[in-house]
Amino acid sequence: MRWSNLFIPTLREAPAEADAINHRLLLRGGFMRQLQSGHYSMLPLGWRVHEKIGEVIRQEMNAIGGQEFLLPAMHQASLWQQSGRWESMGDEMFRLTDRKGADLALGMTHEEVFATLSLELASYRDLPQIWYQIQWKFRDEPRPKAGLLRVREFAMKDSYSFDIDDAGLDASFDRHHDAYQAIFSRLDLDAIPVQASSGAMGGSASVEFMVASPAGEDDVVQCSGCDYAANVERATAALAPVANRPGSNAPEPIPTPGIRTIKALAEAGHPPEHQIKTLVYRVDGSLVLILLRGDHAFLEQKFVDATGAIEMAPAEADEIRSALGASPGSLGAVGVSDLTIYADPGLEGRSGMTTGANEDDVHLAGIDIARDIAVDRWLDMRGIAEGEACSSCGGTLTVTRCIEAGHIFKLGRRYSEAMGVSVLDAEGESRVPTMGSYGIGVGRAMAAIVETHHDDAGMIWPMCVAPFEVVLTVVKVDHEDSMAVAEKAHDDLVAAGIDVILDDRDGRPGVKFADSELVGIPLRVTIGPRGIDNGMLELTVRATGDQEDVPVDDLVERVTELVHEGRAVRL
RNA sequence: CGGGCUGUGGCGCAGCUUGGUUAGCGCGUCGGUCUGGGGGACCGAAGGUCGGAGGUUCAAAUCCUCUCAGCCCGACCA
């Protein structure tokens, strides 16, 4: 390939709307362009990387016995109605109507379609199966952001396992776990497997593969003393005991004019750990009270996971007032009996607490939770903070911002049952296969690589996914000897199966060096009169800046050697 | 959906507060000359319904109203 013939529109400055590093660099490097929010066009360089990432994924999926399919992106409504997700997916699913008036959806995932295909599985002898595809998914994200990290249209490798029993599912799950570690390792992504919430897809065991990056959207709790790692959405910690303050025989009203916040109340002599935080939420139509210790954060996802709530949102000020008679800032659960009260275990056994009195500008002190509050259900729903103690080893927990690069979980029989899948077992009994579901976003992996592999000059691609493995930079294109050497090296490298690009543009060397670094090609060979005269060429490693002089005659061999080494690297 | 912000040649910006000639600047692009190992210099040129609609006014990029789009922070997910 010759650079002069390719469409590689590099930009010196990133467009103002690009903020995330992957977004800025992929735009500047001419890898992609934004069509609209959450939808990106892949340009030749970007598509080459995308395809190479897909290829790594394919190889590892095939290695665990996966079989590649390609399913439709557009599905009839009835398919999703059968699983119940036509309703439960809500606004996240793109829906449209065809000319006959039939309802259609653009697939967000493909459990239903694969399960439909699995109707043709007839016997336990047909199991297990691992089926996968790399197909476009559509999700009407409320807020696309951070370049390729969160988009509305993206390629995902999704695979589905079908097993006769739980032991089989465990094995398929473990195979995927291994395959994912292999994939991320080859992509040079340091992905940590963490316990996760299974979210909208439903299921039991759920593991996310997380790559530390400030551009991410998830917080991962990790223990410094053992291998405990979990998404904050389901992380737990050992709570340091707090000595109760002296109580009283009954709640004591105290005037708190103008005090609306935990912080203000703390300044008035009631430390946060001795306060009860009272939140009012509307959950599937009903108001509920949610109680936590004053210094603990509420994590909605934990609540949703534990209660199975479909819709939840903070209650509006007016409905709070009509239910409790006060505004946020003075709310409490003492004496409340008509609303369901959820409390976090951090409050269990506590007394001498302060909380709102459900009367503006008044709080209650000396609260004994067991005595004064009619808790309906105790639920762990607090967010873990940096520095807390690990509940299994007592070590210190850290919280790290991460990109969710992959997610695997056990679905169970929910979909196979809904779609009417069954096979006969060895005894001739009808059995519903159990499923697993496993996803990796291809574009997101690409973004994650850029987020973790760049420097001031640009991207630094791992060899196995680089758009090109080596660039031959001709310093002076009208120097005939240079071009002759470059063209021969190019042809020989092509013959050796190396992805090589010949930068034959008639431009300033500085521009060509800068472009090759921005685009992130792992190896650069600089070809110019200075070196040619000595029979030497300069080989530069993008990642390290290391340079070595290579005799012209040894170039192809040396480059081939380095490329093969690079391709084989695993983290 | 709540909060904050931005739309002016391909990219980055100025101009807007206080309306007033032909809307500027840098980069990029095109032609040319000289150059040639880190975004070079000079000469010449092309390219803009100032996001859109409506309004105020003798006059609107600038003021008003509506609207569309994009970005960031929160609630949701590969």
Side-chain angles (χ1 to χ4, degrees), chain A residues 9-20 23-24 27-28 30 33-39 57 89-93 108-110 134-159 180 191 196-201 208-211 216-218 231 233 281 298-301 304 311-314 316 403-409 437-448 457 473-479 482 506-518 524 526-532 537-538 540 547:
Chain A
T10 58
L11 296 171
R12 199 166 202 172
E13 292 173 286
E17 64 269 15
D19 185 55
H23 196 190
R24 295 174 65 82
L27 288 177
R28 283 190 55 208
R33 288 292 182 262
Q34 184 176 62
L35 181 63
Q36 55 165 329
S37 181
H39 300 262
I57 295 173
M89 277 309 179
D91 292 336
E92 190 103 351
M93 188 153 70
M108 311 174 58
T109 66
H110 285 76
I134 295 178
Q135 169 64 301
W136 301 92
K137 311 295 184 195
F138 298 85
R139 297 185 186 177
D140 192 355
E141 291 290 340
R143 182 154 96 86
K145 60 180 168 180
L148 289 184
L149 280 179
R150 175 154 226 80
V151 294
R152 304 207 303 174
E153 174 182 353
F154 60 97
M156 178 166 95
K157 186 290 296 176
D158 50 324
S159 48
Y180 273 40
S197 153
S198 38
M201 305 301 170
E208 288 169 336
F209 290 82
M210 301 298 233
V211 177
E217 306 177 87
D218 287 274
N231 192 307
E233 290 174 353
Y281 268 74
F298 175 51
L299 214 59
E300 283 188 23
Q301 190 65 44
V304 169
E311 269 184 77
M312 76 175 298
E316 301 293 335
I403 296 166
E404 180 186 350
H407 195 168
I408 59 178
F409 44 94
S437 165
Y438 318 89
I440 294 180
V442 180
R444 184 180 281 187
M446 184 168 159
T473 302
V474 179
V475 170
K476 195 173 177 330
V477 291
D478 53 7
H479 183 250
S482 291
D506 183 10
R508 308 287 304 179
V511 173
K512 298 165 80 166
F513 293 147
D515 273 348
S516 76
E517 284 155 12
L518 172 62
R524 184 182 83 212
T526 307
I527 300 171
R530 186 199 289 172
I532 298 266
L537 298 173
E538 191 178 279
T540 309
Q547 298 189 343

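Across Ile527(A) and Ser482(A), no two heavy atoms sit closer than the pair CG2-O, 3.6 Å.
None of His39(A), Glu92(A), Glu141(A) except one satisfies the side chain to side chain donor-acceptor pair (under 3.5 Å) rule with Arg152(A); the exception is His39(A).
Candidate nucleotides G38(B), C71(B), C77(B) were compared by shortest atom distance to the side chain of Arg139(A), and C77(B) ranks first. Comparing G36(B), A78(B), G38(B) against the side chain of Met156(A) picks out A78(B) as the nearest. When each of G37(B), G38(B), G70(B) is scored by its nearest atom to the side-chain atoms of Gln36(A), the top-ranked nucleotide is G70(B). Set against G36(B), G37(B), C76(B), the side chain of Glu300(A) has C76(B) as its closest nucleotide. Distance from the side chain of Arg444(A) is smallest to A78(B) among A78(B), G37(B), C72(B). Across A78(B), C72(B), G38(B), the shortest atom-to-atom separation from the side chain of Phe513(A) is found for G38(B). The nucleotide whose nearest atom lies closest to any side-chain atom of Gln301(A) is, among G37(B), C76(B), A78(B), C76(B).
When heavy atoms are screened at a 4.0 angstrom cut-off, Asp506(A) is found touching base atoms of the nucleic acid. Ala155(A) comes within 4.0 angstrom of no nucleic acid atom, judged by non-hydrogen atoms across all strands. The residue Val304(A) sits apart from the nucleic acid: no heavy atom pair falls under 4.0 Å.
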Protein N or O to nucleotides 1-4 of chain B N or O, pairs below 3.5 Å:
none

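Judged by atom type and distance alone, Asp515(A) does not reach the base of G38(B) through any side-chain donor-acceptor pair under 3.5 Å. Between the base of G74(B) and the side chain of Glu217(A) there is no donor-acceptor pair shorter than 3.5 Å. Below the 3.5 angstrom threshold, one finds a donor paired with an acceptor across the side chain of Arg150(A) and the base of C77(B).
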If the sugar-phosphate is the primed atoms plus P, OP1 and OP2 and the base is the rest, what is the B/S/- string for nucleotides 7-13 of chain B, using protein heavy atoms under 4.0 Å? ----SSS

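Separating the CZ atom of Arg508(A) from the P atom of C42(B) is a distance of 13 Å, rounded to the nearest angstrom.
Between Phe298(A) and Tyr281(A), the ring planes lie perpendicular to each other; the angle is over 60°, past the 30° to 60° tilted range.
With no hydrogens or angles considered, no side-chain donor-acceptor pair links His23(A) and Lys145(A) at under 3.5 Å.
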If you write RNA chain B from 5' to 3' in dot-bracket form, with Watson-Crick or G-U pairs under 3.5 Å, [ ] for crossing pairs and | for pairs with another strand, what do you get? ((((((((.[[[[.)....(...]]]].((((((.....)))))).....[[[[[..)....]]]]])))))))....

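Nucleotides C25(B) and A46(B), compared at atom P, are 13 Å apart to the nearest Å.
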